[in-house]
Structures are given as structure tokens and as C-alpha cells.
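Note on naming: letters A, B, ... go to the chains in the order of the sequence lines (proteins, then strands), and numbering restarts at 1 for each one.
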2 protein chains.
Amino acid sequence: MDVRSLRYFIAAYESGSISAAARRCHVAQPSISTALLQLEERLGTPLFERHRRGITPTEEGQRLYPLARQVSEDLDAIGRLFHTPSPPTPIRLGLMRSLGAHRMTDLLKEYINRGDNLALTLVNPEERCDARIIGEQDLVTTECFQPIWHDSYRLALPEGHPLASQATVSLNELDGLPFIWRHPCAAMEQLALALNEAGLRCQVRARLRTIEYTLGLVAAGVGASLVPAWPDILARPDVQCRPVEGLPIHQIIGVAYPARHASPALAPLLALGREAWAQAGLGATG
Amino acid sequence: MDVRSLRYFIAAYESGSISAAARRCHVAQPSISTALLQLEERLGTPLFERHRRGITPTEEGQRLYPLARQVSEDLDAIGRLFHTPSPPTPIRLGLMRSLGAHRMTDLLKEYINRGDNLALTLVNPEERCDARIIGEQDLVTTECFQPIWHDSYRLALPEGHPLASQATVSLNELDGLPFIWRHPCAAMEQLALALNEAGLRCQVRARLRTIEYTLGLVAAGVGASLVPAWPDILARPDVQCRPVEGLPIHQIIGVAYPARHASPALAPLLALGREAWAQAGLGATG
DNA sequence: ACCAGGTATAGGAATGCCCTATGGATGTGC
DNA sequence: GCACATCCATAGGGCATTCCTATACCTGGT
């Protein structure tokens with residue numbers, strides 16, 4: 001009886017899926033799969049029913065769950081037993097706009113978990129802070145940079161817009177197109193520059209700051225815009241995203257931190273960034 | 001944080017010694033030693049003070065102990081959660097005399113632990129039974145034999161007896177020596193045979209059945225006897241044990257069980273015998 | 001002075017875990 | 001209707017952890 005299997009069981013139980021549990025535990029799916037099979041073998045009873053949409057616990061699985069939680073948490077408590085809580089480390093983190101609330105909260109959650117009693121304060125990236133989550137283009141020379149995410153940008157069009165019938169859109173086709181302008185945004189500035197150089201007109205219908213409002217206005221047919229190609233944006237039915245030909249707008253987002261005298265409490269954040277970046281790199285090549 | 005380390009910690013705590021814990025856990029001493037060091041490293045505090053006579057728990061060790069017990073027992077409970085108790089398997093075990101109460105109870109304890117809900121009945125080896133713990137010489141042809149222990153026999157003398165000043169005793173020196181005769185005992189019968197063949201007299205002061213009483217009478221100076229060379233007998237200060245020259249009396253004790261239709265519930269007992277026999281074999285060569 | 005009993009360390013073998021790759025089954029979108 | 005995506009299970013190789021033996025070191029007892 002291994003506590004590792006129990007933790008995997010807990011994750012699978014709470015996720016309702018072996019694959020999701022694997023993502024949550026940062027291991028590959030077969031690890032959870034075989035561990036659960038071994039646990040069922042060891043206990044002599046099936047714990048889950050497998051089906052296409054995931055798994056549902058059997059009655060035995062439901063009986064095991066609270067006990068497994070108990071053991072797992074007791075073990076964690078032992079780990080903290082002699083861990084004299086250090087005074088909270090204040091960390092001021094500057095966050096640029098348009099980071100993607102979902103992935104950013106996941107990152108912060110993990111950071112707080114891994115860090116040792118952090119007191120996180122989120123501020124604008126221009127303010128004084130210990131580190132900044134920003135696009136690579138905004139680095140200043142005294143800063144080091146740890147990449148986290150790679151965002152490529154797409155032209156966002158309302159559903160049914162003529163340009164949306166094409167797989168890609170050329171720069172010339174943007175001439176005179178009404179735009180929802182998001183500000184500040186390096187990608188939009190690049191677009192403005194490109195339009196200007198090509199002698200194309202740029203018609204701005206609205207200026208605003210958040211991606212969410214931008215998408216709402218795009219969906220309402222007020223105009224087009226430029227948004228990062230995040231899965232949850234690409235999945236929206238009311239907005240269609242198309243790459244702009246010959247205008248590969250990318251942005252690398254990461255942690256910028258002072259090259260000298262960086263706070264040691266940043267280490268887990270940098271490690272998380274390294275992991276996410278490596279993960280994306282693997283996905284890109286595979 | 002691994003439950004393995006916690007179990008080692010529990011064994012060390014309860015044994016008061018790393019070496020004893022290793023024996024109890026059936027692992028080598030360095031395994032416990034390094035596991036404890038790792039646990040202390042992990043928790044960031046020493047758990048034991050090491051000294052020449054063993055170890056004593058620190059205050060932190062004492063705090064950890066009940067929690068470790070809790071987790072360990074909860075985990076065991078999970079292991080038994082879906083283990084529908086099978087109906088008790090009755091096993092009649094025939095036990096010859098003079099097996100050595102200590103090692104025999106250890107063996108039975110382990111057997112009951114490993115077996116699946118056994119109902120053990122101990123009887124004399126002549127009675128009907130599923131298996132017998134006997135000397136190899138008492139095997140009948142329909143039985144298989146799994147050796148467990150190898151006993152060699154010594155002449156037991158009261159402390160200060162003239163013969164005890166010698167490292168060994170010759171057969172001739174036993175002529176006319178008063179004896180405490182233990183019965184039944186294959187070794188004593190071999191001795192009687194040897195004395196008889198050499199034409200030596202044998203003077204019997206008492207006849208009895210148990211080794212404990214025998215040793216009491218030997219210590220009281222009533223006479224000599226022949227006893228197995230077990231560590232706890234050799235360690236007695238009131239009795240001195242000497243090998244008899246040219247008379248290597250040995251006995252192999254083990255499990256005798258029917259060659260056909262042996263109860264499957266005997267398997268753990270045979271496994272235990274195999275382990276003990278291998279262990280002794282290693283000790284003899286090393 | 002040597003031996004016995006205790007713990008710590010070093011190095012090699014084996015067991016087990018994790019990962020990648022792949023197969024099978026079943027909904028989903030065009 | 002057919003390709004595709006998702007999810008779980010299985011196979012095989014690489015690697016980390018654990019175990020063991022052998023040995024060093026220390027101290028108390030003979």
C-alpha cells in the first residue's frame with residue numbers, strides 16, 4: 001500500500017478523469033492508469049467505472065475516498081510538523097494586461113503553493129515591484145527574463161463576416177476595416193505600424209483595455225480586433241479568429257526580474273515558468 | 001514524505017535501536033540508518049540521539065511518533081478495507097518438546113500475521129495434525145520436510161564445575177557423571193548410545209521433560225545434562241555449556257507436512273521456515 | 001589490548017516508476 | 001459517412017530509488 005497510489009486516486013476521484021488527474025499531478029496519463037489498476041488489484045475491488053467521458057467512482061471508490069484524503073492530509077501535516085513558519089515574504093508582482101485570467105490564476109495558485117509563506121501583491125508593471133510578468137519587448141536592460149508563454153495573435157472577426165470565410169487574411173484586405181483598438185498592446189502597435197507602412201487606412205471605432213470587452217464588441221459586429229490565439233478564445237462560437245498573412249505577430253510573455261539582488265522567493269515562480277515553457281516547447285515540436 | 005520511512009521510524013522508536021529495527025523489519029541495518037537520516041533531513045530536525053547503546057528519541061521524535069503511528073495504522077486499515085474476512089482456517093500444529101519458547105513464539109506470531117485468518121491449535125506431534133514441528137529424525141515417509149533451525153547440543157554443567165574449566169569435554173570424562181535426563185530427546189538418546197558403546201557408566205539423578213527445569217537442576221549442582229546451544233542458554237551465568245569431543249550432536253528442526261494434500265494455509269509457515277533456514281545458512285558462512 | 005555491539009558510509013545490483021509510443025473504443029464536426 | 005479528437009490500457013526503454021554487502025569508526029566491557 002503506497003501513499004503515491006492514494007494521491008493519484010484522490011486526484012482521479014476529484015477530476016473525474018484519469019487524464020485530468022495526470023495533468024493535475026504533472027505526470028503522464030499511463031502513470032495514473034497503472035497506479036489505479038494496481039491499487040484496485042491490491043484492494044481486491046474496482047474503484048472506478050471507466051467510460052468514454054472519463055471515470056465515475058464505484059461504491060467502493062466512494063468509501064475509499066475520505067480515508068485516502070485523511071491519510072494524505074495527515075502525511076502532509078507531518079511534513080509541516082517541524083516547519084517553523086517563516087515570516088511571510090512580501091512579493092510585489094507587476095502584471096501586464098491581457099495575460100489570460102485563467103492561465104494566470106493557475107500560475108499564481110501554483111506559485112503560492114510552492115512558495116514558502118508568500119504575501120503576494122499584484123500591481124501594474126510600471127510600479128515598483130520585485131518581478132514583472134510582461135511581454136519580452138518591454139524588458140529593460142537591468143532585467144533578466146524567464147519565458148513562460150508564447151502567444152501568437154489573430155484577427156478577430158464577428159461570426160459571418162465576409163473575411164472570416166477565408167482561412168487567412170491579407171494585410172491589404174484590412175484597409176478601412178473598422179477596428180476595436182486595445183491599448184496598451186504591443187501586438188496592436190505592430191499592426192498599426194504595418195498598416196501605416198503599407199499606406200492603408202485604419203479606422204478605430206473604439207478604444208479599450210480588456211480583451212473580454214474587446215471580444216464582446218467584435219461579436220456585436222462593431223469591428224475587428226487583434227487577440228491572442230488562446231484556446232478559450234478560439235473556441236468561442238461568436239468570434240472567428242484568422243491569421244494575418246505576412247504579419248506573424250507573436251509575443252513571448254515571461255517573468256522579468258532584476259538581474260542582481262533578485263528575491264530568492266522568486267525561485268519557484270521562475271521554476272514554474274521554466275516548466276510551462278518546456279511543456280509548450282514539447283507540444284510545439286510533437 | 002514516504003510512509004516507508006515512517007514505518008522504519010516507528011520500528012526504531014519502539015526498538016530503541018536501529019539494528020533491532022532492521023531485524024524487526026527484515027532489512028539490513030543501513031536501510032534504516034539512511035532512511036532515518038533522510039527523514040530527519042526532510043523534516044529539518046533530528047529525531048534521535050545516537051549513542052553506543054542504541055538511540056533515544058529527541059523531543060521532536062516523541063512528537064512525531066503518535067502521528068506516524070496514526071498514518072501507518074490508517075494505511076493498514078485501508079489495506080483491510082475491502083478484505084472480506086474469509087472463514088477462519090483451522091490448522092492443527094504438532095509441536096515437539098524443547099523447541100525454544102522464544103523463537104517458537106516468534107515463529108507462530110509471524111505465521112499468524114502472514115496467514116489469512118488462521119485458527120491455530122497446538123497439539124503433541126503424535127496426534128493427528130496438519131503439520132508438525134519436529135526434528136528431522138522423526139520424519140515419516142509420507143511427509144515432506146522444510147528445515148527451520150539447526151541445533152547443536154552442549155554439555156550443561158553447573159558454574160564452577162571442574163569440567164567447565166576445559167574448553168571441551170571428552171566422552172571418557174563423562175564416566176559416572178551424574179545426569180539430569182531429559183525425555184523424550186533424540187540428542188540424549190544419542191548420548192546414551194555413545195556412552196553405552198564406550199562402556200561408560202551413566203548415572204541418572206532425575207528424569208524430566210522441560211529444558212527450563214533441567215537447567216534449574218543443573219545450576220543447582222544436581223548434575224549435568226545435554227541442552228541445545230541456544231544463545232539465551234549460552235548466556236546464562238549459572239550454567240556453563242561445553243561441546244563434547246568427538247560427539248557432534250546436531251538436530252535439524254523443521255516443518256513436517258503431508259507430501260500430498262497439504263493445506264494451502266501452511267504456505268506462509270513453510271515460507272517462514274525457508275527464510276529462517278536461509279538466514280541461518282548465511283550467518284554460518286559469514 | 002582486543003572484542004562486541006552500535007551507527008554511518010561507499011559502491012554495485014535490482015526493483016519499480018515514469019515516459020513515449022501505440023492500440024482500441026466512442027462521441028463530434030464537416 | 002468519415003476523419004478527428006478524446007479517453008483509457010498496454011508495451012518497452014531509461015532512470016531513480018532502494019536494497020544489500022563490506023567497511024570504517026566509536027565506545028564499553030573483558
Assuming nearest nucleotide by heavy-atom distance, tell me which of A:Arg50 and B:Ile32 is located more 5' along DNA chain D. A:Arg50

Listed nucleotide nearest any side-chain atom of [X], set [options]:
{"X": "B:Ser17", "options": "D:dC8, C:dG6, C:dC18", "value": "C:dG6"}
{"X": "B:Ser31", "options": "C:dG6, D:dC19, D:dA22", "value": "D:dC19"}
{"X": "A:Pro30", "options": "D:dC19, C:dT9, C:dT20", "value": "C:dT20"}
{"X": "A:Ser33", "options": "C:dT9, C:dT28, D:dA9", "value": "D:dA9"}
{"X": "B:Gln29", "options": "C:dG6, D:dT21, C:dA8", "value": "C:dA8"}
{"X": "B:Ala28", "options": "D:dT21, D:dA9, C:dC19", "value": "D:dT21"}

Check the distance between [N]'s [atom2] and [X]'s [atom1] and give it to me in whole angstrom.
{"X": "A:Asp2", "N": "C:dT15", "atom1": "CG", "atom2": "P", "value": "18 Å"}
{"X": "A:Arg42", "N": "C:dG16", "atom1": "CZ", "atom2": "C1'", "value": "16 Å"}
{"X": "A:Phe9", "N": "D:dC8", "atom1": "CZ", "atom2": "C1'", "value": "17 Å"}
{"X": "A:Gln38", "N": "C:dC18", "atom1": "CD", "atom2": "C1'", "value": "12 Å"}
{"X": "A:Leu36", "N": "D:dC8", "atom1": "CG", "atom2": "P", "value": "10 Å"}
{"X": "A:Glu49", "N": "D:dC8", "atom1": "CD", "atom2": "C1'", "value": "14 Å"}
{"X": "A:Arg7", "N": "C:dC18", "atom1": "CZ", "atom2": "P", "value": "13 Å"}
{"X": "B:Tyr8", "N": "D:dT18", "atom1": "OH", "atom2": "P", "value": "9 Å"}

Please check the phosphate of C:dC17 (OP1 and OP2 only) for any side-chain N or O of A:Arg4 closer than 4.0 Å. yes

I want to check one thing: is the phosphate of C:dT7, taken as OP1 and OP2, less than 4.0 Å away from some side-chain N or O of B:Ser19? yes

Got a donor-acceptor contact below 3.5 angstrom from the B:Ser33 side chain to the B:Gln29 backbone? no

Would the distance check show the side chain of B:Arg242 and the main-chain N or O of B:Ala164 forming a donor-acceptor pair, the cut-off being under 3.5 Å? yes

Could you check A:His26 against B:Gly54 and say which one's nearest nucleotide on DNA chain C is further toward the 5' end? B:Gly54

Hey, mind stepping through A:Val244 and A:Leu171 against side-chain contact (heavy atoms from CB on, under 4.5 Å) and telling me if it holds? CA-CA 6 Å; A:Val244 179; A:Leu171 198 58; 4.2 Å; yes

Mind telling me whether A:Tyr13 and A:Tyr65 have parallel, tilted or perpendicular rings, with 30° and 60° as the class edges? parallel

Should we say atom NE2 of A:His51 is surrounded by more than 12 heavy atoms from elsewhere, each under 6.0 Å from it? yes

